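Below, chain A is the first sequence line, B the second, and so on; all start at residue 1. Every heavy atom of this structure was used, including side-chain atoms; hydrogens, water molecules and symmetry mates were not. As the structure is a prediction and not an experimental result, all values here were calculated from the model.
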There are 2 protein chains.
Amino acid sequence: MDLRRLRYFVAVAEARSIGKAAERLRMAQPPLSVQIRKLEAEIGAPLFRRGTRGMDLTEAGQALLARASEALALAVDGAEAARAVAAGKRGRLSVGYMFVLANAMLPRLIPELRRSVPGVDLEFAELSASTREARLLDRSVTVALCMPAINHPEIQVARIGAQPFMLAMPIRSPLARLVAVPMERLQGRPLIALPPPEQDPASSAVAAMLRRHQIVMPIASRVETVHSAMSLVLAGEGFAIVPACAKLGAPRGIVFRPLRDAADSIDIAVCWRRDSQSPLISRFLKCAEKVVARI
Amino acid sequence: MDLRRLRYFVAVAEARSIGKAAERLRMAQPPLSVQIRKLEAEIGAPLFRRGTRGMDLTEAGQALLARASEALALAVDGAEAARAVAAGKRGRLSVGYMFVLANAMLPRLIPELRRSVPGVDLEFAELSASTREARLLDRSVTVALCMPAINHPEIQVARIGAQPFMLAMPIRSPLARLVAVPMERLQGRPLIALPPPEQDPASSAVAAMLRRHQIVMPIASRVETVHSAMSLVLAGEGFAIVPACAKLGAPRGIVFRPLRDAADSIDIAVCWRRDSQSPLISRFLKCAEKVVARI
DNA sequence: GCCAACCCATACGTTTTCGGTATGCCAATG
DNA sequence: CATTGGCATACCGAAAACGTATGGGTTGGC
């Protein structure tokens, strides 16, 4: 079953003549005649009635024609689809992101992507730090928005921005009256912490900052997500140190204040598999940079 | 776009390895490797990621795989469908018949055909004599049940039976009291005739019979169909001479009597295009013979 | 009624393509 | 460091396809 033979067959069926079809196929008439006979031999039955004025499909030929032209169309469509995917004009772009970035970035990022890569199926998944890494590696996610970047030999990183840390507290906290909170005022205050550094690199950035300023904050609670941290802060359990973008989407009753004298910030990065040569990644990078610049 | 390449591609994609696929395809590994690279060159993009432990589809490759395997299936299905049609296991059998035969034959013929050619689409069309011939010639009808046979160089005929002529008359006609009507009793009686012989060969058979017995019957009316003839007979307009099978489906109030001393009968025949080599025709012939034998 | 035109089929030589064998390269493994 | 496993490259022989030349049958015109 050769696709070329089927193409010839369809051409002859449409032209109702070997000579005419050969002309359209830009080949001589005899080899086309031979190919048609070979196809008939392969099928085991005549596909055409040879009349004195050209060729005419038999019933068997009609049965073949329908499927052959469909198969032909599918083959060229498959090639085109593959080319389109390779060129980034179609395909799937699955984005893993972290919760704190969702409110700040997605509302602008999604329309930006739709404009930049029309025809591409977009997927978004809110994933924890370790899941982001795992799903990048098994390719079930194309790119990840991370804060901070993933550190792994197979994963490539592009820093697209940074977020200063801010102190989150209940509105009736005394510190809330300050425009900016001096670092030393944090000494000894209870901290709502995220999972330990080996599970979440973001909390390691916070810990490093406190250590650098020689501040010790007892850990009042450990929570899984920034969302939970906000709840505990609102309940008066303690303070949280979070990237500035967490402000968006935080519940009423919580205020955020910059940390004075602390130039510390945490990187926002786009991460992807080093061997993933999809052109969608550079498009995504451009969109993400554009969006981050306006945060 | 070669179907063989697509088959190789699908095999490699499924085996996730060139070596394994080559084994399954019963060929050596190097030529398969070459074919895959040629396909990639044709597409213009890599379809596989070459790892140290085999091959893995790229996104472009996945896009191609879906269509390629469909195209492959369609191609083999097309070949099988063509073979099935050629073998008479599938296809279309369109039967043209004449009105007078419908009641006598179709109720038995249709189930017989369904048993004999399961999987074949059956079509039935009640057609006048000239239309039967035309539609056989343009192949919109595969076979025709005729009475008498069609006479045409392109059309082949198989006689499957015969019908004696009978006299149709109103039940209160004096002749109705006879078990069989002697031919001479028809002399001078009004005849309800079908279209003239050049349009309907059946009426020519009736005319020939009357001529042979030297009977003259004035034509009271000419009608298009046997159905109309029955109406006029019922109305007392005259007598009709029809094949015995017209008895079935005739309205109440009409009686049929054999013509004594007249061995005349009219052939029932199956007709088809001489160049139509469909195996369905011989199957149809067998069924029709079986049914006619039981009329 | 014969000749020209049309169309498909066959024959043969040339070229392209494909498949097999031998071998190389690279990475992972012990 | 050697071995194994897997893909890529090189080269050769075989098969398939294409083109040119030609035959044979039917149609239609002079």
| task | Mind running a 4.0 Å heavy-atom check of residues 41-48 of chain A against DNA chain D and sending the residues that fall below it, in number order? | result | none
| query | Reading DNA chain C 5' to 3', which nucleotide is the first, and which the last, to come under 4.0 Å of any heavy atom in chain B? | reply | C:dC18 to C:dA28
| task | Name all pairs fulfilling the ring-ring contact (aromatic ring centres under 6.0 Å, His included) condition that reach into residues 122-142 of chain B, sequence neighbours left out, sorted by first residue then second. | result | none
Below 3.5 Å, can you tabulate the donor-acceptor pairs from side chains in residues 72-86 of chain A to any protein atom, sequence neighbours excluded?
| from | atom 1 | to | atom 2 | distance (Å) |
| --- | --- | --- | --- | --- |
| A:Asp77 | OD2 | B:Arg67 | NE | 3.3 |
| A:Arg83 | NH1 | B:Glu42 | O | 3.0 |
| A:Arg83 | NH1 | B:Ile43 | O | 3.2 |

| task | Kindly write out the residues that satisfy side chain to side chain contact (heavy atoms under 4.5 Å, CB included) with B:Ala162, not counting sequence neighbours, or none if the list is empty. | result | B:Arg159, B:Ser265, B:Asp267
| In whole angstrom, what separates B:Leu3's CG from D:dA17's P? | 14 Å
| query | What residues, two or more places apart in sequence or in another chain, satisfy side chain to side chain contact (heavy atoms under 4.5 Å, CB included) together with B:Glu14? | reply | B:Val10, B:Arg24
| query | Which salt bridge (Lys or Arg N to Asp or Glu O under 4.0 Å) pairs, counting each pair once, include a residue from residues 126-143 of chain B, with sequence neighbours left out? | reply | B:Arg139-B:Asp275
| request: Sequence neighbours left out, what pairs pass ring-ring contact (aromatic ring centres under 6.0 Å, His included) with at least one residue falling in residues 19-55 of chain B? | output: B:Phe9-B:Phe48
| query | Reading nucleotides 4-16 of chain D 5' to 3', which nucleotides get B (base under 4.0 Å from a protein heavy atom), which S (sugar-phosphate only), which -? | reply | -SSBBB-------
| said: Tell me every residue that passes side chain to side chain donor-acceptor pair (under 3.5 Å) with B:Asp2, counting only those two or more places apart in sequence or in another chain. | reply: none
| Quick one: side chain to side chain contact (heavy atoms under 4.5 Å, CB included) partners of A:Ser204, sequence neighbours excluded? | A:Pro197
| message | With rounding to the nearest 0.5 angstrom, report the CD to CG distance, A:Glu59 to B:Leu280. | response | 7.5 Å
| field | Set of side chain to side chain contact (heavy atoms under 4.5 Å, CB included) partners for A:Pro30, sequence neighbours left out | value | A:Ala28
